[in-house]
Amino acid sequence: MHRIEVKVCMATHCHFAGAETIVEMLEDDADLAEFIDVQCVPCLEKTCEGGRGSPVVEVGGHRMMRATPESIIEKIEEMVTGAITGTTSGTASGTREGTAGTPKGTPRSEARHA
Amino acid sequence: MPEVFERMRGLYTPCTDIRRKIFVGITRFVLERKKPEDIEKLPFSIIDMRKPTYRCCSYRELSIVRQRIRLAFGLPLIEEFDNMPVSAGIEEAFTEKKVLAAPIVNVIRAACEKCPEDQVIVTDMCQKCMAHPCSIVCPVGAISFPNGGQAFIDQTTCVKCMKCVKACPYTSITRMVRPCAAACGVDAIHSDEYGYAEINQAKCVNCGLCTVSCPFAAIADKTELVQILHQLMGPEEQRPYAIIAPSFVGQFGRLAQPGAIFAAIKMAGFRNVEEVAYGADCDTLLLADKLARDLAELRRAESKQSGGTGKPSARFLGTSCCPSWVRTARRHFPAFAENIAESFTPMVETARLIKKREPDAKVVFIGPCIAKKGEALEPEVRPFVDHVLTFEELAAIFVAKDIDLAAIPPDQFPKGASALGRGYAVAGGVAGAIAETAEKKYGVRDLAVAKADTLRNCRAMLTDIKNGKIEAELVEGMACPGGCVGGPGTLAALNSAKIEVGKFASAARARLPECPAEH
């Protein structure tokens, strides 16, 4: 499957607002490893508007403001689920019920219950 | 299980968030030259009164933020029950002069949740099992099963022997120690009569680990941000020099090269930046020399009286760069007071080189350390180091001034410190530097080195030395987990910081130290 590019802004504002925690959470997450490529990037065209929108993270071309590990993982799952149901439907079999708010067949539920 | 002060470290929590927002808010306030009378407006730019963000209600947040602002201005706390406006006298802090005074570390009572100090409690995992080994092993009969339900521990009887904790097949019994007190390696935190955490300032050594361990952000250190900002905004000749601790590498994000950090510090208004690793080099040489001389004498004396007690000698040389360790060792082990090197610290050595060139220059130490704020108040240090700033406080200045470390051209390092000096930032690095220098320069071999990080471990190490359980000729103590890279004023996670320090050290011009300053 096509891997999702996750770009985490590491400019001053975003770094101070917790970008480092986001990168470490994503890199340490074995469930996500096969789905994403994490990159630390310089300022994303001042999307943060002087830090008000920090941290800024781009998930597969989709730019997110005030990103948290939770919101990013949700976005990744949404994209992976979209790709699965759109192209190879049925690969998400064998999963048990996902945790609340987690769609079936996403990186999390698949890897955890496989 | 990691120690309490390691569990949340490197994570961006709401505690980190509120602390940093206040630093940035204050920095912008000062940079925009707002008047002291406008200070009451500042909290409203940080919190939203319409809905609580961090705590149960916005009014509590308001109270906490007001007090954090006072501390960040370097002023002593005023709390609501002091029957005075919290901002009283804040105008005194709008100066380039030194405002900071002890105590450095303070409990904000409005924020304190009054956690129970230390309890062994039964959690909901208790299955009311038939065997109930908990009550069988309890030596004081503190465990009962009210109405045949889950186990219950009577807190007035419990002696916290932990036998029930170990015996429960469901691991349902746990010990809860107040995080601030658990983080404190010198047992300086207890409860006041109302249940709020209280710091015994006579015991506190300013290590600051409680400030980053309280999950309610109820303990904070004072800062010198405002006074330093006033200096940075002043005329060129009054601007301070920055000296930066060896742990600075990797603290400002993965894209911020060491050279870019130096350039950013100058853009923030400092006249110049020097590596404290340079002062560390001077210290290494001084201590290696002292060690070689003392040791020759000591070993000679010992070989003369062979067949003596057989107990290892308690004469050793202790490192002096961590002020919390030095204070702890001297206070808890007065017999060892003379073993701690009397030399100046890397911070002072570095500042001294600047003051020698320019006696009127102001010097700001930038580091991971809260204890240095206290050290710089000591009469013998004050002439050299004017102010102390943490990495986190410096980063707030970068943010407020919109200095992008990932984009600015990096500076060249005019003169590099040695690899060993740069290694001071990581636990074991100080003793390692002294031992290696003593061996290469003075031929000292088979040196018995003892080292410990965190104050609890340091105290255990000194007890072992005192009891003759371990032999030590050189002793390194560090208050923070992993050494200075684990300091409360850091931004980076411990492991990545260690790696970056290692890389920077291996890029140094030379491995062994050199020091131009004559002693």
Side-chain angles (χ1 to χ4, degrees), chain A residues 5-33 36-59 63-76 99-100 108, chain B residues 8-25 27-28 31 45-46 48 53 250-257 260-261 263-265 267-268 390-409 490-497 499-500:
Chain A
E5 229 174 32
V6 180
K7 294 179 178 172
V8 182
C9 172
M10 269 295 157
T12 301
H13 288 291
C14 292
H15 173 256
F16 203 55
E20 195 93 40
T21 297
I22 291 174
V23 175
E24 295 202 357
M25 300 264 302
L26 295 176
E27 284 178 347
D28 288 349
D29 197 323
D31 295 0
L32 288 175
I36 59 168
D37 284 317
V38 185
Q39 275 179 54
C40 296
V41 298
C43 186
L44 289 162
E45 296 144 354
K46 298 196 192 292
T47 310
C48 69
E49 295 167 0
R52 277 183 299 276
S54 290
V56 176
V57 176
E58 203 177 273
V59 181
R63 215 167 270 184
M64 303 167 71
M65 294 219 273
R66 281 177 286 275
T68 60
E70 209 181 353
S71 69
I72 295 162
I73 291 171
E74 204 173 295
K75 188 83 207 160
I76 294 167
T99 46
R108 213 156 267 293
Chain B
M8 300 196 293
R9 300 301 292 288
L11 279 184
Y12 192 85
T13 69
C15 296
T16 326
D17 193 61
I18 185 86
R19 191 171 64 230
R20 291 189 186 171
K21 276 196 180 135
I22 289 169
F23 287 161
V24 174
T27 308
R28 288 202 174 116
L31 291 175
S45 67
I46 295 163
D48 183 352
T53 316
Q251 289 296 329
F252 301 90
R254 297 192 190 185
L255 302 179
Q257 297 301 314
I261 298 170
I265 292 172
M267 283 172 78
T390 65
F391 294 141
E392 195 177 42
E393 292 153 14
L394 174 67
I397 301 179
F398 293 156
V399 168
K401 288 197 140 191
D402 225 342
I403 299 169
D404 186 356
L405 283 87
I408 54 175
T490 55
L491 296 114
L494 188 58
N495 282 333
S496 54
I499 294 167
E500 292 304 315

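For chain A, no part of B/A264 is nearby; none of its heavy atoms comes within less than 4.5 Å. Contact annotation for B/S496: only side-chain heavy atoms (C-beta onward) come within less than 4.5 Å of a heavy atom of chain A. Both the backbone and the side chain of B/A395 have a heavy atom closer than 4.5 Å to some heavy atom of chain A.
Listed here is the closest heavy atom pair of B/A406 and A/A11: CB-CA, 4.1 Å. Between A/H15 and B/G253, the shortest heavy-atom distance links the atoms NE2-N, 3.1 Å.
Open room surrounds NZ on A/K46; 12 or fewer heavy atoms of other groups in view lie less than 6.0 Å from it.
Residues B/L491 and A/F16 are in side-chain contact: their nearest non-hydrogen atoms beyond the backbone lie under 4.5 Å apart. For the pair A/E20/B/R254, a side-chain contact is recorded, criterion being any heavy-atom separation below 4.5 Å from C-beta on.
Going from atom CG of B/L405 over to atom CE of A/M10 covers 12.5 Å, rounded to the nearest 0.5 Å.
Judged purely by distance below 3.5 Å, without hydrogens or angles, the side chains of B/D404 and A/H13 never pair a donor atom with an acceptor atom.
Among B/D402, B/I408, B/V399, the one residue that satisfies the side chain to side chain contact (heavy atoms under 4.5 Å, CB included) test with A/T12 is B/V399.
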